[in-house]
Amino acid sequence: QVQLLESGGGLVQAGGSLRLACAASGRTFSRNTMGWFRQAPGKEREFVAAISWSGSSIRYADSVKGRFPISRDNAKNTVYLQMNNLKPEDTAVYYCAADPGAVSMISEAKYWGQGTQVTVSS
């Protein structure tokens with residue numbers, strides 16, 4: 001089993017930045033794809049970004065492309081989401097996911113974090 005722990009959420013004004021981190025522990029020997037999802041109140045969970053183990057495959061939602069670069073440090077078993085130029089519509093609980101499959105299949109991830117709240121004030 002793999003445990004995922006998100007951190008870095010908080011309250012920020014529109015236009016500000018936050019960096020989310022997701023640290024994996026447990027059975028981390030597999031070279032997992034990792035990604036981020038978010039869920040706002042009253043809305044369905046939506047894909048944000050994902051990155052393969054090597055970093056050679058990266059995918060972003062159109063709503064965050066160019067604003068939220070994703071990266072990872074495999075030595076630290078950690079994936080990051082740098083959230084820039086935050087907008088009120090980015091307010092959501094952000095969840096980390098990990099799966100041995102491809103970036104395109106991250107929505108079916110085997111492992112999920114508990115979520116971290118991001119609130120963007122206008």
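Each residue takes its place number in the sequence, starting with 1.
The distance from the CD atom of Gln82 to the CG atom of Leu18 is 8.5 Å, given to the nearest 0.5 Å. Summarising the geometry, atom OH belonging to Tyr60 is positioned 13.0 Å from atom CH2 belonging to Trp36; distances are rounded to the nearest 0.5 Å. Once rounded to the nearest 0.5 Å, the distance linking OG of Ser57 with CD1 of Ile51 reads 9.0 Å. Separating the CZ atom in Arg72 from the OG atom in Ser52 is a distance of 7.0 Å, to the nearest 0.5 Å. Within the model, atoms CD of Gln117 and CG of Leu11 stand 9.5 Å from one another, a figure rounded to the nearest 0.5 Å. Separating the CD atom in Glu6 from the CG atom in Leu81 is a distance of 11.0 Å, to the nearest 0.5 Å.
Inter-residue side-chain proximity for Gln13 and Leu86 is flagged as unmet; no heavy-atom pair is nearer than 4.5 Å. Under the 4.5 Å side-chain criterion, counting only non-hydrogen atoms from C-beta, Met105 is not in contact with Asp99. Side chains of Ile58 and Ser71 form no contact here, defined as non-hydrogen atoms less than 4.5 Å apart. Annotation: side chain of Arg59 is not in contact with side chain of Ile106 (no heavy-atom distance under 4.5 Å). In this structure the side chain of Tyr111 never reaches within 4.5 angstrom of the side chain of Met34, judged on heavy atoms.
In terms of heavy-atom proximity, Pro69 sits nearest to Asn84 at CD-ND2, 3.9 Å. The shortest non-hydrogen separation linking Ser122 to Ala14 is CA-CB, 4.5 Å. Residues Cys22 and Leu4 approach most closely at SG-CB, 3.8 Å, considering heavy atoms. Contact record, Ala21 with Thr78: CB-CG2, 4.1 Å, taken as the closest heavy-atom pair.
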Practice problem: Would you please test Asp90 and Arg67 for side-chain contact (heavy atoms from CB on, under 4.5 Å) and show each step? | Solution: CA-CA 11 Å; Asp90 296 319; Arg67 292 194 298 133; 2.8 Å; yes

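The backbone N or O of Val120 sits less than 3.5 Å from a side-chain atom of Thr91, completing a donor-acceptor pair. With Thr116 contributing its side chain and Ser7 its backbone, the two residues share no donor-acceptor pair below 3.5 Å.
Linking ILVMFWY side-chain heavy atoms closer than 4.5 Å, directly or via other members, places Ile70 and Tyr80 in two distinct hydrophobic clusters. There is no path of hydrophobic side-chain contacts, each under 4.5 Å, that joins Val64 to Val93.
With respect to Phe37, the ring-ring contact (aromatic ring centres under 6.0 Å, His included) criterion is satisfied by exactly one of Phe47, Tyr94, Tyr95: Phe47.
Hydrophobic cluster membership of Val103, counting Ile, Leu, Val, Met, Phe, Trp and Tyr whose side-chain heavy atoms lie under 4.5 Å apart directly or via other members: none, as it forms a cluster of its own.
By the salt bridge (Lys or Arg N to Asp or Glu O under 4.0 Å) test, Lys65 is found to be paired with Asp62, residues two or more places apart in sequence or in another chain being considered.
Counting only residues at least two apart or in different chains, side-chain hydrogen bond (donor to acceptor under 3.5 Å, both in side chains) contacts with residues 39-48 comprise Arg38-Glu46.
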